[in-house]
Asker: 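Below: one structure in structure tokens.
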Amino acid sequence: MGKSKVLVVGGTGYVGRRIVKASLEQGHETYVLQRPELGLDIEKLQMLLSFKKQGAHLVEASFSDHQSLVDAVKLVDVVICTMSGVHFRSHSLLMQLQLVEAIKVAGNVKRFLPSEFGMDPALMGHALEPGRVTFDDKMTVRKAIEDANIPFTYISANCFAGYFVGNLSQMGTLLPPRDKVILYGDGNVKVVYMDEDDVATYTIKATDDPRTLNKTVYLRPPENILTQRQLIEKWEKLTGKQLEKSSINEQDFLASMKGLDYAGQVGVGHFYHVFYEGCLTNFEIGEGGEEASALYPEVNYTRMDEYLQVYV
């Protein structure tokens with residue numbers, strides 16, 4: 001069995017560009033969707049051209065042209081979608097329904113990985129408004145995939161380090177606090193932090209693996225399951241400086257949602273589920289799931305003290 005041909009949809013995005021890189025590095029013939037709607041976005045175009053230089057094929061197709069999507073899908077064995085589902089960028093998850101339709105018509109795809117890469121939406125039926133729209137939309141896409149009998153793998157990648165580690169999980173900033181840090185509750189709820197390049201590595205490894213067919217792959221490498229306090233301790237050890245800690249309780253944290261814009265309210269809801277409820281670690285992985293670092297022990301994943309060094 002040769003390696004599958006991979007099409008990445010959303011290849012210029014935050015996760016997508018890493019997926020393209022990992023696919024090429026792992027020796028897959030890699031195709032990247034180039035949408036004519038690109039217009040004058042020179043940075044996206046230059047990124048696409050850089051992928052081409054590295055050996056990727058650019059495939060022109062549009063979500064407003066069903067046949068072009070079908071033709072693009074017919075070129076490959078695996079489709080990976082990384083379209084944005086975060087509200088401070090663009091929330092485009094339901095556009096994937098057109099991609100599902102194209103995969104159904106093409107009839108050749110051996111695996112589809114839709115845009116997930118966060119909390120497992122199947123476990124978030126109780127999620128708070130307005131942030132629950134993210135999980136509801138992902139479940140709508142899952143239903144369409146499964147109704148069409150398209151082989152799938154879902155990736156639950158938990159907290160991206162770029163958004164949750166450099167800032168010690170503080171909202172509204174990407175940089176480490178200098179003097180004071182806010183703890184969510186007692187700061188002892190277990191969270192999973194992931195380097196985004198590792199997310200891409202594990203994702204590509206899962207694409208051809210029969211063990212991950214029609215399953216959810218959870219990225220939970222043991223040394224990256226940390227509490228917020230443990231993350232802060234790693235930073236303090238690196239810098240040799242203690243931060244002043246204050247705590248915000250559950251009620252006050254949820255009350256902070258009032259007066260925020262829509263994207264801010266979504267963010268507060270998601271932080272609540274991660275840091276108060278422990279939604280990333282408060283369940284055992286069942287029969288429908290696999291854990292990535294157990295499947296692929298050869299991946300030397302980035303530990304968070306190593307990740308934080310660049311911020312010192």
Asker: Looking at residues at least two apart in the chain, or sitting in another chain, which of them share a side-chain hydrogen bond (donor to acceptor under 3.5 Å, both in side chains) with K21?
Answerer: E25
Asker: Say whether, by atom type as modelled, one donor and one acceptor occur between the side chain of E116 and the main chain of P114 under 3.5 angstrom.
Answerer: no
Asker: Can you tell me if Q96 uses its side chain to pair, donor with acceptor, with the backbone of L93 under 3.5 Å?
Answerer: yes
Asker: Once salt bridge (charged side-chain N to carboxylate O under 4.0 Å, His left out) is applied, do any residues pair with D147, and if so which ones, sequence neighbours excluded?
Answerer: K143
Asker: If you count the non-hydrogen atoms of other residues, nucleotides and ligands that lie under 6.0 Å from CD in E43, is the total more than 12?
Answerer: no
Asker: Taking D208 for its side chain and K3 for its backbone only, find out whether a donor-acceptor pair lies under 3.5 Å.
Answerer: no
Asker: Do you reckon L213 sits in the same ILVMFWY cluster as V6, going by side-chain contacts under 4.5 Å, direct or chained?
Answerer: no
Asker: Is the backbone N or O of L97 less than 3.5 Å from a side-chain atom of E101, with the two atoms forming a donor-acceptor pair by type?
Answerer: no
Asker: Report yes or no: does N158 contribute a side-chain atom to a donor-acceptor pair with the main-chain N or O of M194 at less than 3.5 Å?
Answerer: no
Asker: Roughly how far, to the nearest 0.5 Å, is CG of L219 from SG of C159?
Answerer: 12.0 Å
Asker: Within a 6.0 Å radius of atom CZ on R211, are there more than 12 heavy atoms belonging to other residues, nucleotides or ligands?
Answerer: yes
Asker: Calculate, to the nearest 0.5 Å, the distance between atoms CG and CD belonging to N188 and Q230 respectively.
Answerer: 8.0 Å
Asker: Taking all non-hydrogen atoms of both residues, which atom of M47 and which atom of G11 are closest, and how far apart?
Answerer: SD-O, 4.4 Å
Asker: Count the heavy atoms belonging to other residues, nucleotides or ligands that lie under 6.0 Å from NZ of K215, then report whether that count exceeds 12.
Answerer: yes
Asker: Would you confirm whether Q242, through its side chain, and E236, through its main-chain N or O, come within 3.5 Å as a donor-acceptor pair?
Answerer: no
Asker: Write out all pairs satisfying ring pair (Phe, Tyr, Trp, His ring centres under 6.0 Å) with one or both partners inside residues 291-312, taking only residues at least two apart or from two chains.
Answerer: none
Asker: If I take atom CD1 from residue I182 and atom OG from residue S247, how far apart are they, to the nearest 0.5 angstrom?
Answerer: 9.5 Å
Asker: Just verifying a value: how many Å separate S169 OG and Y163 OH, rounded to the nearest 0.5 Å?
Answerer: 14.0 Å
Asker: Got a sec, which pairs hit ring pair (Phe, Tyr, Trp, His ring centres under 6.0 Å) with one end in residues 35-61, sequence neighbours left out?
Answerer: Y31-H57
Asker: Determine the sole option in R229, Q228, K234 for which the side-chain contact (heavy atoms from CB on, under 4.5 Å) test with I232 is passed.
Answerer: Q228
Asker: Cluster question for you: counting only ILVMFWY and a side-chain heavy-atom cut-off of under 4.5 Å, with indirect links fine, are V59 and V109 together?
Answerer: yes
Asker: Can you check whether I19's main-chain N or O pairs, donor with acceptor, with S23's side chain at less than 3.5 Å?
Answerer: no
Asker: Return the set of residues passing side-chain hydrogen bond (donor to acceptor under 3.5 Å, both in side chains) with E284 (not counting sequence neighbours), or none when no residue passes.
Answerer: none
Asker: Given F112, which partner from the list L99, L7, T153 fulfils the side-chain contact (heavy atoms from CB on, under 4.5 Å) test?
Answerer: L99
Asker: Applying salt bridge (charged side-chain N to carboxylate O under 4.0 Å, His left out), name anything that partners K205, two or more places apart in sequence or on another chain.
Answerer: E298
Asker: Taking the side chain as every heavy atom from C-beta outward, state whether P177 and L168 have any atom pair closer than 4.5 Å.
Answerer: yes
Asker: Which heavy atom of S4 sits nearest a heavy atom of T207, and at what distance?
Answerer: OG-OG1, 4.4 Å
Asker: Do C279 and V274 come within less than 4.5 Å of each other through their side chains, counting heavy atoms only?
Answerer: yes
Asker: Return the minimal non-hydrogen interatomic distance between M119 and L280, and the atom names on each side.
Answerer: CG-CD2, 3.7 Å
Asker: Roughly how far, to the nearest 0.5 Å, is OG of S62 from CD of Q98?
Answerer: 8.5 Å
Asker: Kindly work out whether a path of hydrophobic side-chain contacts (I/L/V/M/F/W/Y, heavy atoms less than 4.5 Å apart) joins V133 to M139.
Answerer: no
Asker: Testing the basics here: between T12 and R17, what is the closest heavy-atom pair and its distance to 0.1 Å?
Answerer: O-NH2, 3.5 Å
Asker: Out of curiosity, N224 CG to L226 CG, how far, rounded to the nearest 0.5 Å?
Answerer: 6.0 Å
Asker: Identify, with sequence neighbours excluded, every residue that meets salt bridge (charged side-chain N to carboxylate O under 4.0 Å, His left out) alongside E223.
Answerer: R303
Asker: Using residues 71-79 as the side-chain source, report each donor-acceptor pair under 3.5 Å to any protein atom, sequence neighbours left out, with the distance given to one decimal.
Answerer:
unit_1, atom_1, unit_2, atom_2, d
D71, OD1, Q67, NE2, 2.9
D77, OD2, K5, N, 2.6

Asker: Is it the case that the side chain of S156 and the backbone of G118 share a donor-acceptor pair, with hydrogens and angles ignored and the cut-off at 3.5 Å?
Answerer: yes
Asker: Do K52 and L48 have side-chain heavy atoms sitting under 4.5 Å apart?
Answerer: no
Asker: Determine yes or no for a side-chain-to-main-chain donor-acceptor pair under 3.5 angstrom, with E196 supplying the side chain and G162 the backbone.
Answerer: yes
Asker: Looking at D198, T82, T203, D197, which hits side chain to side chain donor-acceptor pair (under 3.5 Å) with R18?
Answerer: D197
Asker: Got a sec, which pairs hit ring pair (Phe, Tyr, Trp, His ring centres under 6.0 Å) with one end in residues 121-152, sequence neighbours left out?
Answerer: H126-H273, F135-H270, F152-Y154
Asker: Would you name the heavy atoms of Q170 and V181 that are closest together and state the gap between them?
Answerer: NE2-CG2, 3.3 Å
Asker: Decide whether V189 and F160 are clustered together by the hydrophobic rule: side chain heavy atoms of Ile, Leu, Val, Met, Phe, Trp, Tyr closer than 4.5 Å, transitively.
Answerer: no
Asker: Report yes or no: do V312 and M304 belong to one cluster of Ile/Leu/Val/Met/Phe/Trp/Tyr joined by side chain heavy-atom distances under 4.5 Å?
Answerer: yes
Asker: Evaluate salt bridge (charged side-chain N to carboxylate O under 4.0 Å, His left out) for D120 paired with R142, printing each intermediate quantity in order.
Answerer: CA-CA 11 Å; D120 180 357; R142 283 190 181 193; 3.2 Å; yes
Asker: Judged by modelled atom types alone, do S293 and E291 share a side-chain donor-acceptor pair under 3.5 Å?
Answerer: yes
Asker: What is the ring orientation for Y184 with F271, classed by angle as parallel under 30°, tilted 30 to 60°, or perpendicular over 60°?
Answerer: perpendicular
Asker: Among residues two or more places apart or on two chains, list those pairs meeting ring pair (Phe, Tyr, Trp, His ring centres under 6.0 Å) that have a residue in residues 192-219.
Answerer: Y218-F283
Asker: Evaluate the side chain to side chain contact (heavy atoms under 4.5 Å, CB included) criterion for residues E37 and S64: first the C-alpha distance (whole Å), next the side-chain angles of each, then the deciding distance (0.1 Å), finally the verdict.
Answerer: CA-CA 10 Å; E37 294 85 355; S64 57; 3.6 Å; yes
Asker: For the pair K241 and D179, find out whether any cationic side-chain nitrogen is under 4.0 Å from an anionic carboxylate oxygen.
Answerer: yes
Asker: Looking at L308 and V165, what are the two nearest heavy atoms and their distance?
Answerer: CD2-O, 3.5 Å
Asker: Going by the rule salt bridge (charged side-chain N to carboxylate O under 4.0 Å, His left out), which residues pair with D261 if we only count those two or more places apart in sequence or in a different chain?
Answerer: none
Asker: Tell me whether K237 at atom NZ has more than 12 heavy atoms from other residues, nucleotides or ligands lying less than 6.0 Å away.
Answerer: no
Asker: If hydrophobic residues (ILVMFWY) are linked whenever their side-chain heavy atoms come closer than 4.5 Å, directly or via other members, who joins V105 in its cluster?
Answerer: V70
Asker: Keeping R111 on the side-chain end and D209 on the backbone end, is there a donor-acceptor pair under 3.5 Å?
Answerer: yes
